[in-house]
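One structure below.
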Amino acid sequence: MLDMKYIRENFEETDRRLRTRGGESYLAGFCELDEKRRALLIECETLKALRNSVSDEIGRTKDKSLVQDKILEMREVSHKIKGLDEELNQVDDQLHSFMLTVPNLPHITTPVGTSENDNVLVRSWGEPQKLPFEAKAHWDLGEDLGILDFERGAKITGARFTLYRGAGARLERALINLMLDLHTDQHGYQEVLPPFMVNRDSMTGTGQLPKFEEDLFKLVDPEFFLIPTAEVPVTNIHRNEILKKSDLPISYCAYTPCFRREAGSYGKDTRGLIRQHQFNKVELVKFVHPSESDAALETLTGHAEKVLQLLELPYRVMALCSGDIGFSAAKTYDIEVWLPGQSCYREISSCSTFGDFQARRASIRFREDEKGKPEFVHTLNGSGLAVGRTLVAILENYQQEDGSVLVPTVLQPYMGGLELVKS
RNA sequence: GGAGAGAUGGCCGAGUAGGUCGAAGGCGCUCGCCUGCUAAGCGAGUAUACUGGGAAACCGGUAUCCAGGGUUCGAAUCCCUGUCUCUCCGCCA
């Protein structure tokens with residue numbers, strides 16, 4: 001959520017920066033609603049002040065017969081207050097709902113642009129290798145090796161669900177462990193294992209709700225949502241808390257499955273593991289002092305990159321443009337891994353800073369000093385990495401001409417010493 | 001699933017025949033004093049949000065004693081609903 005006071009005082013600038021997300025004005029009607037609310041508030045609170053002082057006087061008067069007229073008068077006032085309160089609540093709700101649908105302001109360093117074509121290459125690592133034979137896509141490799149069973153996944157549940165078997169299942173688990181070990185042992189994150197279902201408040205806190213409910217899997221009774229990313233439960237760990245300055249920065253990493261409806265992506269990536277309704281991810285989440293967030297995005301992105309470097313998978317880092325960043329994000333780096341089977345780079349991690357946008361929604365604050373006013377922290381997160389897509393990258397990059405797949409050296413200890421996956 | 005108990009400020013914990021309660025007391029914390037050091041002691045302060053005025057320091061108003069509704073001139077206190085927590089029984093990994 002954006003700071004309403006800031007919008008009020010910097011309307012033109014805010015509106016202009018928001019428009020870089022894609023044309024439309026996100027603030028139409030804000031000023032009217034805001035002014036209406038404050039006018040009602042003043043009227044209502046003035047009456048309440050009157051009622052409070054007169055009621056106080058009534059309370060102090062022992063002989064109630066002396067204040068009968070005041071009681072009657074206050075009965076009127078209370079009636080009026082009730083009406084105003086209702087009206088005020090309505091306007092408040094309207095304004096609040098409105099604010100929840102306004103996206104974050106793009107960071108000043110976020111490139112302005114309208115689509116992914118305007119994303120900016122930041123750096124690349126490793127050489128996209130040319131295999132000396134015709135590269136297979138991972139879905140063929142996986143099926144031929146008997147480690148990915150798409151048909152049975154579909155039978156058990158439906159499209160975009162996959163059954164992993166044998167070395168495939170173990171490879172997924174090995175990757176999860178490698179990532180968690182790296183981030184906890186080398187990068188200073190605390191591992192957490194959060195609930196995989198969350199309530200509406202948590203989803204609202206990080207920005208998935210109210211605008212993107214159709215992207216989520218939902219349980220009806222009780223109303224819970226399956227998490228689309230560990231970002232949601234982990235960021236909400238500190239919802240409605242005031243942290244100590246000395247607590248910051250807080251760094252968590254978490255393995256969770258992620259559940260996404262993928263509504264609107266019919267026909268896209270229908271083969272293989274790229275776009276699943278359920279996939280595994282190791283997520284990095286940081287809560288930092290506002291002055292640290294820009295630097296923290298760089299280091300967090302570096303932590304995600306490190307996984308690919310250890311696995312020796314070529315990748316590039318893209319700065320997303322204003323038209324391509326997510327609703328809650330101020331700035332995002334996508335890490336894209338090279339997939340020889342499809343001769344393209346595919347997103348394997350998305351690292352974002354949210355500034356105080358999520359912190360304001362979820363009320364996550366800290367004090368600069370003991371007596372200071374609470375201020376909002378800045379939140380960041382990034383995939384470190386999407387596990388299924390990492391497995392895809394390994395299959396495609398480490399494939400041999402005979403269809404077997406080498407196990408990256410760093411993963412071998414996690415695979416019981418296995419060096420080659422073959423059928 | 002059955003039975004019962006509870007939810008008050010950073011924490012503990014008073015407060016239920018409605019008014020002087022934003023809320024006693026204690027702990028913790030901050031500042032000052034005092035004190036060979038430490039400890040103890042003394043004094044002051046110590047919630048949040050919104051909002052009005054002000055350049056600011058600051059001053060004022062409103063709301064908040066789990067949440068939402070109701071009764072009343074007036075609710076932490078009374079009534080209704082919901083949520084959560086705890087204990088016991090049953091069931092279960």
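Hydrogens, waters and symmetry mates are skipped; everything else that's a heavy atom, side chains included, is used. So that the names make sense, note that chain A is the first sequence line, chain B the second, and so on, each numbered from 1. Just so we're clear, the structure is a prediction, and the values are computed from it rather than from any experiment.
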Relative to each other, are the rings of A:Phe11 and A:Phe30 parallel, tilted or perpendicular (30° and 60° limits)?
-> parallel
Earliest and latest nucleotide of RNA chain B, 5' to 3', sitting under 4.0 Å from a non-hydrogen atom of chain A?
-> B:G19 to B:G74
When the P atoms of B:G9 and B:U48 are considered, how many whole Å apart are they?
-> 14 Å
Between A:Tyr189 and A:Lys286, is there a cation-pi geometry (under 6.0 Å to ring centre, at most 45° from the normal)?
-> yes
Sorted by number, the residues of residues 31-53 of chain A with heavy-atom contact under 4.0 Å to RNA chain B = A:Arg37, A:Arg38, A:Leu41, A:Ile42, A:Glu45, A:Lys48, A:Ala49, A:Arg51, A:Asn52
Considering only atom P, compute the distance from B:A57 to B:U20 and round it to an integer number of Å.
-> 32 Å
Is any side-chain N of the basic residue among A:Arg260 and A:Glu262 closer than 4.0 Å to the acidic one's carboxylate O?
-> no
5′-ward residue of the pair A:Leu72/A:Ile242 relative to RNA chain B = A:Ile242
Within the 6.0 Å centroid threshold, strictly below: A:His378 and A:Phe287 | no
Atom P, compared across B:U16 and B:C78: separation rounded to whole Å | 9 Å
Step through it carefully: locate the ring centre of A:Phe376, locate the ring centre of A:Phe354, and say whether they are under 6.0 Å apart.
-> no
A:Glu143 and A:Lys136 ion-paired at < 4.0 Å = no
Please lay out, stage by stage, how A:Thr379 and A:Gln358 fare under the test side chain to side chain donor-acceptor pair (under 3.5 Å).
-> CA-CA 7 Å; A:Thr379 58; A:Gln358 291 182 327; 2.8 Å; yes
Step through it carefully: locate the ring centre of A:Phe212, locate the ring centre of A:Phe327, and say whether they are under 6.0 Å apart.
-> yes
Nearest-nucleotide comparison on RNA chain B, the residue closer to the 5′ end among A:Lys373 and A:Asn89 = A:Lys373
Distance between the C1' atoms of B:G6 and B:G82, in whole angstroms?
-> 16 Å
Stepwise side chain to side chain donor-acceptor pair (under 3.5 Å) check, A:Glu298 with A:Tyr333 = CA-CA 9 Å; A:Glu298 303 301 321; A:Tyr333 290 123; 2.7 Å; yes
Short side-chain donor-acceptor distance under 3.5 Å, A:Ser265 and A:Arg275 | no
C1' atoms of B:A23 and B:G13, separation to the nearest Å = 13 Å
Interface with RNA chain B, restricted to residues 2-10 of chain A and to heavy atoms under 4.0 Å | A:Lys5, A:Arg8
For the residue pair A:Phe366 and A:His289, is the inter-centroid distance of their aromatic rings smaller than 6.0 Å?
-> yes
Distance, P atom - from B:U35 to B:G25, rounded to whole angstrom | 29 Å
Looking at A:Gln190, A:Glu191, A:His238, which one forms a side-chain hydrogen bond (donor to acceptor under 3.5 Å, both in side chains) with A:Tyr252?
-> A:His238
Taking atom C1' in both B:A47 and B:C42, compute the distance separating them and give it to the nearest angstrom.
-> 26 Å
Is a side-chain N or O of A:Arg21 found less than 3.5 angstrom from the main chain of A:Gly326, in a donor-acceptor match?
-> yes
Taking only heavy atoms on the protein side, list every residue of residues 197-208 of chain A lying under 4.0 Å from any atom of RNA chain B, sorted numerically.
-> none
Tell me what A:Lys82 touches on the nucleic acid: a base, only sugar-phosphate, or nothing, going by heavy atoms under 4.0 Å.
-> sugar-phosphate
May I have all residue pairs that pass salt bridge (Lys or Arg N to Asp or Glu O under 4.0 Å) and include part of residues 243-256 of chain A, sequence neighbours excluded?
-> A:Lys245-A:Glu368
Watson-Crick and G-U pairing of RNA chain B, under 3.5 Å, as dot-bracket with | and [ ] = ((((((((.[[[..)...(.....]]]((((((.......))))))(((((((....))))))).[[[[[..)....]]]]])))))))....
Can you tell me if A:Glu336 and A:Tyr315 form a side-chain donor-acceptor pair at under 3.5 Å?
-> no
Nearest-angstrom distance, P atom, B:G22 to B:G74 | 16 Å
Under the criterion salt bridge (Lys or Arg N to Asp or Glu O under 4.0 Å), which of A:Arg389, A:Arg346, A:Arg160 is the partner of A:Asp269?
-> A:Arg346
